[in-house]
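Chain naming here is simple, since letters A, B, ... match the order of the sequence lines and numbering starts at 1 in each. The structure displayed is predicted, hence computed values, not measured ones.
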Amino acid sequence: MFQIPRGTRDFTPEEMEKRRYVESHMRSTFTSFGYREIQTPMFENLELFTAKSGEGIIEEIYAFKDKGGRDLALRPELTAPVMRFYVEKLQMEPKPLKLFYFGSCFRYDRPQKGRYREFQQAGCELIGTNTTEAYAELIALAYLLLKNIGLTNINVNIGNLTILSAVFDRLGLSKDQRKHLIPLIDKSLFDDVQTVLSECGLEPKKAQDFVTFLQTSDKEKIKKFVKGDPVAENEFTNLEKMLDLLGSSFQIKNYQIKLSIVRGLDYYKGLVFEIEAPILGAEKQLCGGGAYELVPLFGGTDVPTVGFAIGFDRAILALETEKFSFPKKQLDAFVIPVNEEMIQKSLQLAQILRQNNVTVDVDLLRRGVGKALKYANTLNVKTVLLVGPKELETDSVTLRDMKTGNQELVKISDVLSKVKNM
RNA sequence: GCCUGAGUAGUGUAGUCUGGCAACAUAUGGGACUGUGGAUCCUUUGUGCCGGGUUCAAAUCCCGGCUCGGGCCCCA
């Protein structure tokens, strides 16, 4: 017996129905905002990812040599490939450029619930604008993508790395000190943050204020804290404008300012945000995004870029955890030939219906009407068409409504309209 | 990479402590049944995660591995 590789999954027809449902809703949300879909290869040159994240990443991804000795890697995420695509071929497209994607990503991680070695991401990149309205629209899009698939309980957290960095500057913290602090901030270990700050020689009062600043979502408190720092002040004013737009234009109010959002990577700059579903516990983050600078790193002309990625599998997991009832696909009709002489006629009838956008299955096992009906029942079909000699004498078939059990004799010429109106 | 729990027909479970029978439900195919049987009955198919050890005898006890779940690490 062969086994599925660790951390990968097979999807049953029922699961695929759910996934397609979510995917199609996301796709229509993206397109409703004027985004256009792109696709990039499943694997890239390894260097694309090491350039972005450093050599250390090789341990965490599927990297390999091909027969020509090239160093390749299965993509661990999609932002870098999309930016590679942009720099290589799309730089002269009119701005702003709105791109979205769906795709499998691969990471060599220890699998857990909501965490697999092959997983799906949905996301987008907005290239060529950094206005407050662009940012507001982007966050609204991320939020609505998750809302429109049926999630009810999600939170948006919004931070800003420029402000955080300006504050670090003002506190006179060195690069090494920041490196030490950032992981602690990321994990919300604020007591430890305060301890480290004291060790860095910061006055207790200042350290206390900083920790409060990281944890508060109160605009006035933050404003007071950044007062006198032109860079931070200006950035915060813009952040406020953006938040106003989120409320006034998109009716999104359940966001929180969270200045403790940090990203380990240096290329993120300015806006950062994440959306989480608290119902999922440890692996609750559904979406992460922000502004970043990758284009110059890849050799392109500098241009503002912002985007986000949604963990597709987690979004589905969150829906299931919320007990969302996915709509069930129904087959319109199931054709049962009553005996072997009726097979040809049955196939013909099914084919006519299919050509008119009716979904039809025909019994292929030459079994009795009872067994066939039972099978039809498990398929969740709307109607069954019985094709037999008695009916054919009058050019008719028996149409059975599977919900009520009612049956009627219907002329073959009328079957199409009858089935369509069920 | 670490800690922890679990793994028995396709699915859901019992049996494991206290070693000796692999069982129940459901499902799949066939039949009763040459046109209503979405039922009922009969029947078929199919199960001990893998490997080693202890033993007269292992699903059961022991060791190792694999896989899944929970918690860490990590999270581009």
Side-chain angles (χ1 to χ4, degrees), chain A residues 1-10 12 14 44 46 48-63 73-83 105-117 119 121 123 182-183 186-187 261-268 272 274 280-285 288-290 292 294 297 307-309 311 314 317 334 336-342 363-392 397-409:
Chain A
M1 267 269 266
F2 291 108
Q3 247 189 351
I4 194 169
R6 181 170 161 88
T8 63
R9 293 157 297 160
D10 296 314
T12 61
E14 290 74 24
E44 295 271 356
L46 174 62
L48 179 72
F49 302 112
T50 51
K52 187 186 176 196
S53 315
E55 294 288 326
I57 198 179
I58 295 175
E59 294 307 307
E60 296 161 50
I61 67 180
Y62 282 89
L74 297 182
R75 62 188 179 200
E77 47 102 23
L78 276 154
T79 301
V82 171
M83 285 303 115
C105 297
F106 305 84
R107 294 185 192 180
Y108 196 81
D109 249 350
R110 187 214 185 273
Q112 274 184 47
K113 196 180 183 66
R115 218 167 148 174
Y116 306 95
R117 288 185 170 178
F119 59 98
Q121 276 199 348
I182 283 173
D186 192 25
K187 284 173 214 155
I261 299 180
V262 291
R263 293 281 150 82
L265 298 165
D266 300 330
Y267 60 78
Y268 273 98
V272 282
E274 53 191 34
L280 289 186
E283 307 289 340
K284 68 183 173 183
Q285 195 181 327
Y292 53 90
L294 269 180
L297 185 65
F308 61 80
R314 283 189 194 173
L317 194 61
F334 187 76
I336 302 175
V338 157
N339 60 42
E340 292 189 22
E341 280 71 49
M342 296 298 120
D363 187 66
L364 300 173
L365 266 174
R366 303 182 181 182
R367 56 190 151 194
V369 173
K371 283 270 159 70
L373 273 172
K374 194 176 169 184
Y375 178 70
N377 194 45
T378 65
L379 289 182
N380 188 31
V381 307
K382 284 185 209 152
T383 61
V384 161
L385 301 170
L386 284 165
V387 180
K390 270 192 288 186
E391 289 89 342
L392 283 185
V397 295
T398 297
L399 185 150
R400 182 184 177 94
D401 181 332
M402 290 302 275
K403 201 166 184 182
T404 61
N406 296 335
Q407 294 190 177
E408 57 177 321
L409 203 61

**OP:** Taking all non-hydrogen atoms of both residues into account, name the closest pair between A/Glu391 and A/Leu409 and its distance.
**Re:** CG-CD1, 3.4 Å
Pairwise [atom1] distance for [N] and [M], with rounding to whole Å:
N     : M     : atom1 : value
B/A23 : B/G30 : C1'   : 24 Å
B/C21 : B/U47 : C1'   : 15 Å
B/U11 : B/G52 : C1'   : 31 Å
B/C49 : B/G38 : P     : 39 Å
B/C42 : B/A59 : P     : 31 Å

Original post:
Got a sec, which residues hit side-chain contact (heavy atoms from CB on, under 4.5 Å) with A/Asn380, two or more places apart in sequence or on another chain?
Top reply: A/Lys328, A/Gln330
Find the distance [X]:[atom1] to [N]:[atom2] and express it as a whole number of Å.
X        : N     : atom1 : atom2 : answer
A/Tyr375 : B/A27 : OH    : P     : 15 Å
A/Asp10  : B/G10 : CG    : C1'   : 14 Å
A/Glu341 : B/G35 : CD    : P     : 11 Å

Base partner of [N], which must satisfy Watson-Crick or wobble distances under 3.5 Å:
N     : answer
B/C61 : B/G53
B/A23 : B/U13
B/C33 : none
B/C68 : B/G5

**OP:** Identify, with sequence neighbours excluded, every residue that meets salt bridge (charged side-chain N to carboxylate O under 4.0 Å, His left out) alongside A/Arg75.
**Re:** none
Subject >> salt bridge (charged side-chain N to carboxylate O under 4.0 Å, His left out) partners of A/Asp109, counting only residues at least two apart >> reply: A/Arg115
List every contact pair, protein side and nucleotides 73-75 of chain B side both N or O, where the distance is under 3.5 Å.
from  : atom 1 : to       : atom 2 : distance (Å)
B/C73 : N4     : A/Arg115 : NH1    : 3.2
B/C74 : OP2    : A/Lys187 : NZ     : 3.4
B/C74 : O2'    : A/Glu60  : OE1    : 3.4
B/C74 : O2     : A/Arg115 : NH2    : 2.5
B/C74 : N3     : A/Arg115 : NH1    : 3.2
B/C74 : N3     : A/Arg115 : NH2    : 2.9
B/C75 : O2'    : A/Arg107 : NH1    : 3.1

Original post:
Checking all strands, does A/Ile61 fall into the base, sugar-phosphate, or nothing category for heavy-atom contacts under 4.0 angstrom?
Top reply: base
**OP:** Pick base, sugar-phosphate or nothing for A/Gly311, based on heavy-atom distances below 4.0 Å to the nucleic acid.
**Re:** nothing
Just the table, please: protein N/O against nucleotides 36-40 of chain B N/O, every pair under 3.5 Å.
from  : atom 1 : to       : atom 2 : distance (Å)
B/U36 : O2     : A/Arg400 : NH1    : 2.7
B/U36 : O2     : A/Gln407 : OE1    : 2.3
B/U36 : N3     : A/Gln407 : OE1    : 3.1
B/U36 : N3     : A/Gln407 : NE2    : 3.3
B/G37 : N2     : A/Gly370 : N      : 3.1
B/G38 : N7     : A/Arg400 : NH2    : 2.7
B/G38 : O6     : A/Met402 : O      : 3.1
B/G38 : N1     : A/Met402 : O      : 2.4
B/G38 : N2     : A/Asn377 : OD1    : 2.3
B/G38 : N2     : A/Met402 : O      : 3.4
B/G38 : N3     : A/Asn377 : OD1    : 2.8

For residues 364-372 of chain A, which side-chain N or O atoms pair as donor and acceptor with protein atoms under 3.5 Å away, sequence neighbours left out?
from     : atom 1 : to       : atom 2 : distance (Å)
A/Arg367 : NE     : A/Asp363 : OD1    : 2.9
A/Arg367 : NH2    : A/Asp363 : OD1    : 3.1

